[in-house]
Number of protein chains: 2
Amino acid sequence: MNDLKATRPGGRSARIQQSVHNTVRNLIETQGRESLNVPLIAQAAGVTPSTIYRRWGDLAQLLSDVALERMQPDAAPVSTGSLRGDLEVWIEGYIEEMTSDVGRTILRDILSSPKIENADACANYMRQQFDIMLERAAERGEEVPSSDALINHLFAPIVYRLLFASSPPNLAFARELIDEMMVTGKSCEPSNS
Amino acid sequence: MNDLKATRPGGRSARIQQSVHNTVRNLIETQGRESLNVPLIAQAAGVTPSTIYRRWGDLAQLLSDVALERMQPDAAPVSTGSLRGDLEVWIEGYIEEMTSDVGRTILRDILSSPKIENADACANYMRQQFDIMLERAAERGEEVPSSDALINHLFAPIVYRLLFASSPPNLAFARELIDEMMVTGKSCEPSNS
DNA sequence: CCCTTAAAGCAAATTATTAGCTTTAATTCC
DNA sequence: GGAATTAAAGCTAATAATTTGCTTTAAGGG
């Protein structure tokens, strides 16, 4: 289910990865993210600190991995019968989840790893969700924008504000972006080839 | 020039802040950002480590401050006689600067502070640049989009890809966004009130 | 089953960070 | 202008985090 490309993924390694990930999530819940450090996590997870340092390198990388796991969709987007409806429901859920301090921290944690892999994986998760909605709409015969258009003009502005704005994006903002989206720029979008 | 809201900004404090900031920039140039740590910076800057810990809290905050300083525009955008031209030149410069590994790291560093202030300040710098271009265009009598529209549909997609895409945005991508921008959605944009 | 080896445990050495106290120098108040 | 005041830096000792070398465990392959 996860990025277990480890050379020896059987049993113990996977067990420890799970244990550490779960421990981090629990500690974030109970103690808050600010107070986390490697020795604390190690003790709570019942492993030795050097295990964490050797597998993840540092706290930032571990938090990034845990945050990425949280961004992985657990289901296909709710189907409402129209692209517009699908987008509204999905974006509503996304904004609800991500405008909290916890949510914004998740995004930052993903980006705080020096490796770009996690950020890229996160973007791909989101794109997949959009693609499902677009494919459904296309099957219904709706005239649909490209997934690039969706990302450029709907998703990117929301993420930009989540990351950079002192006041997070709200539902009204998202709905206006959807409105524009459904009127203009259905296709012929840049694909950054 | 900077966020010197310190209660005692005279002489020494400012000197030390400058010295530390300069040292960080130099060390990033010469040693690379990965190898940086607080004791190293302190020694190179000729201060004691506890000074850095007390003023900045930790390395992430210091790097965030230095990165923010780099994002501060040193001049008004080049004036070309048209909004489109201004945008093209400015975005071209921005992309050239930010698509390098160093550039992308600057953005991430700004976001890696737990305080959102620096990210907000960064967004404001950029908005000011756009506002200058828009005001010029309005004075010339051009029909102009809102700065929100510019941020949502031109700048946000570029930043999104800088942060999340394994392959960074290129000039062609930016030009296509500008093209769309100049044709559709001149006004009535969401302002996230 | 045994052999090989990736990954975990353990402990010592190193390095980073914090905290208490002293000193310096910027600001304030005569 | 010259003390008095105090924010911020320096210094050092204590504490905590990280790295490293070696040992042990257990997964994967003959």
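Throughout, a chain's letter reflects where its sequence line sits, starting with A, and its residues are numbered from 1.
Regarding A/Ile16, its CD1 atom lies at a distance of 5 Å from the P atom of C/dG9, rounded to whole Å. At whole-Å resolution of the value, CD in B/Gln43 and P in D/dC11 are 13 Å apart. Rounded to whole Å, atom C1' of D/dA17 lies 15 Å from atom CG of A/Leu36. To the nearest angstrom, P of C/dA25 lies 8 Å from CZ of B/Arg15. What separates CG of B/Leu40 from C1' of C/dT14 is a distance of 16 Å, to the nearest Å. As a whole-Å value, the separation of A/Trp56 CH2 from C/dA8 C1' is 12 Å. Distance, A/Ile41 CD1 to D/dA17 C1': 13 Å, rounded to whole Å.
Considering B/Arg55, B/His21, B/Glu117 in turn, B/His21 is the only one that fulfils the side chain to side chain contact (heavy atoms under 4.5 Å, CB included) rule with B/Asp65.
Two residues, A/Pro49 and B/Gly46, neighbour DNA chain D, and the one matched to the more 5' nucleotide by heavy-atom proximity is B/Gly46. Each of A/Arg54 and B/Val38 lies near DNA chain C, and the nucleotide nearest A/Arg54 is the one positioned closer to the 5' end.
A heavy-atom distance below 4.5 Å is found between the side chains of B/Glu180 and B/Leu177.
Between C/dA16, D/dA9, C/dA8, one nucleotide has an atom nearer to the side chain of B/Thr51 than all others, and that is D/dA9. In the set D/dA17, D/dG10, C/dG9, the nucleotide with an atom closest to the side chain of A/Thr48 is C/dG9. You'll find that the side chain of A/Ser50 is closest to D/dT20, out of C/dA16, C/dA26, D/dT20.
Closest heavy-atom contact between B/Thr48 and B/Ala42: C-CB, 4.0 Å.
Using modelled atom types and a 3.5 Å distance limit, the side chains of A/Ser64 and A/Ser112 yield no donor-acceptor pair.
Phosphate proximity of D/dA7 to B/Arg55: absent, as no side-chain N or O sits under 4.0 Å from OP1 or OP2.
Looking at heavy-atom distances under 4.0 Å, A/Asn37 makes contact with sugar-phosphate atoms alone, never a base.
Taking CZ from B/Arg104 and CG from A/Leu111, the interatomic distance works out to 10.5 Å, rounded to the nearest 0.5 Å.
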